[in-house]
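Down below is the structure, laid out as structure tokens.
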Amino acid sequence: MLRIRVLHGPNLNLLGSREQSIYGMLSLEAVDSAITKLAEELAAQVDLSQSNSEGELVTWIQEARAEYDGIIINPAAYTHTSVAIRDAIAAVGLPTIEVHLSNIYQREEFRHRSYISGVAIGQISGLGPTGYLLALRGLHDYLTTSKRRKPTSAQATSRGAAKGTR
Ligand code: DQA
């Protein structure tokens, strides 16, 4: 089963009440339920977390290396500022999709720059909560159709044995 970590950045805990004309009426809980429902249909496991802290997001990305096959992240405001989150994604090397509810390219100039897009396999911006669902489908396809999924430890061991490395 594919394991996908979904991370929401700062202020996304306020979804549903925060700037509704930009971010819509759905709460984060409702967005997370829709993601979980789709994951069940795709027979994938998703773990969803939100943090207002850059360091916590970095730690969760680092931890994902051992436990997950890919990451979906809406880094929110850290998109435009965080070299640390970019470096963490590059360091773990997991396929990552960047999601934004709003179209960041139609908004203020400072939102046009993403530090994350250069290390993500793709970015979805402007489609509201549907963006997370498309990201999940896209990451699922990416990981399953072309066998880009990490081998399980059992597979890695048997491959190592076949090559005579142990
Ligand atoms: C956002 C866009 C960011 O510019 C902003 O800081 C956010 C949310 C989005 O989902 O549209 O907090 O990532």
Side-chain angles (χ1 to χ4, degrees), residues 2-36 38-39 44-143 148-150:
L2 287 183
R3 297 148 305 168
I4 294 171
R5 174 156 251 187
V6 180
L7 298 176
H8 305 287
N11 299 306
L12 293 171
N13 53 314
L14 302 179
L15 277 186
S17 62
R18 170 193 188 202
E19 298 178 277
Q20 290 178 345
S21 60
I22 299 174
Y23 298 115
M25 315 271 280
L26 279 191
S27 65
L28 186 61
E29 206 184 355
V31 172
D32 281 350
S33 315
I35 298 170
T36 305
L38 177 61
Q45 178 196 320
V46 280
D47 288 316
L48 306 111
S49 317
Q50 186 275 332
S51 180
N52 293 326
S53 151
E54 183 177 21
E56 193 160 38
L57 291 163
V58 167
T59 300
W60 287 342
I61 293 164
Q62 289 180 6
E63 288 171 359
R65 194 207 299 251
E67 291 164 41
Y68 296 91
D69 298 300
I71 298 172
I72 294 170
I73 183 167
N74 181 347
Y78 291 136
T79 307
H80 319 296
T81 62
S82 182
V83 177
I85 290 178
R86 178 197 174 102
D87 284 354
I89 293 169
V92 301
L94 288 177
T96 297
I97 300 188
E98 174 187 355
V99 173
H100 300 286
L101 295 154
S102 64
N103 182 342
I104 55 175
Y105 303 101
Q106 281 180 347
R107 300 183 63 195
E108 304 95 321
E109 189 94 30
F110 68 85
R111 294 186 204 275
H112 297 181
R113 171 167 196 178
S114 167
Y115 280 93
I116 311 306
S117 55
V119 291
I121 59 169
Q123 183 201 63
I124 299 171
S125 176
L127 299 180
T130 303
Y132 287 101
L133 305 181
L134 295 173
L136 181 54
R137 285 192 186 280
L139 191 54
H140 185 270
D141 277 8
Y142 181 92
L143 289 165
R148 282 180 273 215
R149 185 180 174 183
K150 281 189 303 194

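Computed over heavy atoms, backbone and side chain alike; hydrogens, waters and symmetry mates excluded. This structure is a prediction, so every number in the text was calculated from the model and none was measured.
Counting only residues at least two apart or in different chains, salt bridge (Lys or Arg N to Asp or Glu O under 4.0 Å) contacts with residues 75-100 are absent. The stretch residues 118-141 participates, sequence neighbours left out, in these ring pair (Phe, Tyr, Trp, His ring centres under 6.0 Å) pairs: His8-Tyr132. Residue pairs meeting the salt bridge (Lys or Arg N to Asp or Glu O under 4.0 Å) criterion with at least one member in residues 111-136, sequence neighbours excluded: Glu108-Arg111. Pairs passing the ring pair (Phe, Tyr, Trp, His ring centres under 6.0 Å) check and including a residue from residues 105-127, sequence neighbours excluded, do not occur.
For the atom pair Glu19 CD and Leu14 CG, the distance stands at 10.0 Å (nearest 0.5 Å). Atom OG in Ser27 sits 11.0 Å away from atom CG in Asn13 (nearest 0.5 Å). In this structure, Asn103 CG and Ser125 OG are separated by 4.5 Å, a value rounded to the nearest 0.5 Å. Atom CD1 of residue Ile85 and atom OG1 of residue Thr79 lie 7.5 Å apart, to the nearest 0.5 angstrom. Within the model, atoms CD of Gln123 and CG of Asn74 stand 10.0 Å from one another, a figure rounded to the nearest 0.5 Å. The CZ atom of Arg137 sits 11.5 Å away from the CD1 atom of Ile124 when rounded to the nearest 0.5 Å.
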Chi angles and distances behind the side-chain contact (heavy atoms from CB on, under 4.5 Å) call for Ile72, Thr96 | CA-CA 6 Å; Ile72 294 170; Thr96 297; over 6 Å; no
Starting from the C-alpha separation in whole Å, work towards a yes-or-no answer on side-chain hydrogen bond (donor to acceptor under 3.5 Å, both in side chains) for Glu54 and Ser82.
-> CA-CA 8 Å; Glu54 183 177 21; Ser82 182; 2.6 Å; yes
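For Tyr78, the ring pair (Phe, Tyr, Trp, His ring centres under 6.0 Å) test picks out no residue, with sequence neighbours left out. Considering only residues two or more places apart in sequence or on other chains, Arg107 meets the side-chain hydrogen bond (donor to acceptor under 3.5 Å, both in side chains) condition with Tyr23, Ser102. Not counting sequence neighbours, His100 has no partner by the ring pair (Phe, Tyr, Trp, His ring centres under 6.0 Å) test. Under the side-chain contact (heavy atoms from CB on, under 4.5 Å) criterion, Leu26 pairs with Ala30, Val31, Pro129, not counting sequence neighbours. Listed by chain and residue number, Gln50 satisfy the side-chain hydrogen bond (donor to acceptor under 3.5 Å, both in side chains) test with Asn52 (two or more places apart in sequence, or in another chain). When the side-chain hydrogen bond (donor to acceptor under 3.5 Å, both in side chains) test is applied to Gln20, no partner is found at least two apart in sequence or on another chain. Every side-chain contact (heavy atoms from CB on, under 4.5 Å) that Thr36 has, sequence neighbours left out, goes to Glu40, Val46, Leu48.
Between Leu143 and Pro95, the closest heavy-atom pair is CD2-CG, 3.7 Å. Across all their heavy atoms, Pro75 and Pro10 have their closest contact at O-CD, 3.6 Å.
The side chain to side chain contact (heavy atoms under 4.5 Å, CB included) test with Leu136 is passed by exactly one of Ile4, Ile97, Asp141: Ile4. Checking Asp69, Ile71, Leu139 one by one against Leu94, the side chain to side chain contact (heavy atoms under 4.5 Å, CB included) holds for a single residue, Ile71.
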Pairs under 3.5 angstrom only: tabulate donor-acceptor contacts from the side chains of residues 55-64 to other protein residues two or more places apart or in another chain.
{"residue": "Glu56", "atom": "OE1", "partner": "Ser51", "partner atom": "OG", "Å": "2.7"}
{"residue": "Thr59", "atom": "OG1", "partner": "Gly55", "partner atom": "O", "Å": "3.0"}

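At least one side-chain heavy atom of Tyr68 sits less than 4.5 Å from a side-chain heavy atom of Asp47.
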